[in-house]
Amino acid sequence: MGGVGYNSKSRFPYRMRFLLALKATPEILAARIRIAAAVKLYEMGQLSSGAASQLAGVPKPYFLGHLADYGVNTFDLSEEELSHDLKSA
């Protein structure tokens with residue numbers, strides 16, 4: 001049961017026990033990992049909200065609306081960052 005699987009669509013190796021513990025399919029696990037990575041990179045200032053939402057594979061309003069689920073303040077932006085995000089929206 002602890003064998004390694006490989007999801008060709010997500011290109012992410014996983015162990016079956018992770019899927020069982022998280023009650024997730026390989027696709028759902030890959031989506032969760034993508035959004036978690038995007039949120040962290042956004043929080044660290046390495047990606048704009050638009051780029052992070054693209055990495056996560058979700059629309060920008062959805063991404064911004066769910067930042068609080070990860071403990072990230074949606075509007076903790078400098079004036080320059082906010083201006084850039086508004087221009088690229």
Side-chain angles (χ1 to χ4, degrees):
M1 191 172 352
V4 175
Y6 190 78
N7 180 350
S8 61
K9 189 173 187 177
S10 69
R11 300 242 183 263
F12 183 77
Y14 57 87
R15 294 198 179 269
M16 292 302 293
R17 65 175 170 236
F18 295 147
L19 297 177
L20 294 173
L22 296 170
K23 298 180 178 145
T25 65
E27 293 77 21
I28 290 173
L29 178 58
R32 287 180 183 172
I33 291 168
R34 274 193 316 274
I35 198 162
V39 167
K40 189 61 180 177
L41 291 169
Y42 171 76
E43 180 183 30
M44 293 169 56
Q46 294 183 357
L47 290 178
S48 68
S49 59
S53 67
Q54 287 179 345
L55 175 63
V58 297
K60 187 174 177 180
Y62 178 91
F63 179 79
L64 292 171
H66 284 81
L67 286 173
D69 297 344
Y70 294 87
V72 176
N73 188 346
T74 305
F75 299 106
D76 190 21
L77 301 173
S78 70
E79 187 175 334
E80 181 181 324
E81 290 170 320
L82 184 56
S83 177
H84 177 269
D85 277 359
L86 289 173
K87 287 177 186 175
S88 63

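When reading the values below, keep in mind they use all heavy atoms of this one structure, side chains included, and skip hydrogens, waters and symmetry mates.
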| With sequence neighbours excluded, what pairs up with L67 under the side chain to side chain contact (heavy atoms under 4.5 Å, CB included) test? | V39, Y42, F63, L64, V72, T74
| remark: Heavy-atom closest pair (A52 atom, A38 atom, distance to 0.1 Å) is O-CB, 3.2 Å
| said: Please enumerate all residues that pass side chain to side chain donor-acceptor pair (under 3.5 Å) together with E43, with sequence neighbours excluded. | reply: K40
| note | Residues pairing under salt bridge (charged side-chain N to carboxylate O under 4.0 Å, His left out) where one sits in residues 44-57, two or more places apart or in two chains, turn out to be none
| remark: Residue set satisfying side chain to side chain contact (heavy atoms under 4.5 Å, CB included) with P61, at least two apart, ordered chain then number -> P59
| said: How long is the straight-line distance from NZ of K87 back to OG of S48, given to the nearest 0.5 Å? | reply: 13.5 Å
| said: Using the ring pair (Phe, Tyr, Trp, His ring centres under 6.0 Å) criterion, which residues pair with Y62? Sequence neighbours excluded. | reply: H66
| message | Considering only residues two or more places apart or on different chains, which pairs with a residue in residues 44-53 satisfy salt bridge (charged side-chain N to carboxylate O under 4.0 Å, His left out)? | response | none
| said: Could you list the cluster mates of L47? Members are the ILVMFWY residues connected by side-chain heavy atoms closer than 4.5 Å, either directly or through other members. | reply: L41, L55
| Partners of A31 by side chain to side chain contact (heavy atoms under 4.5 Å, CB included), sequence neighbours excluded? | R34
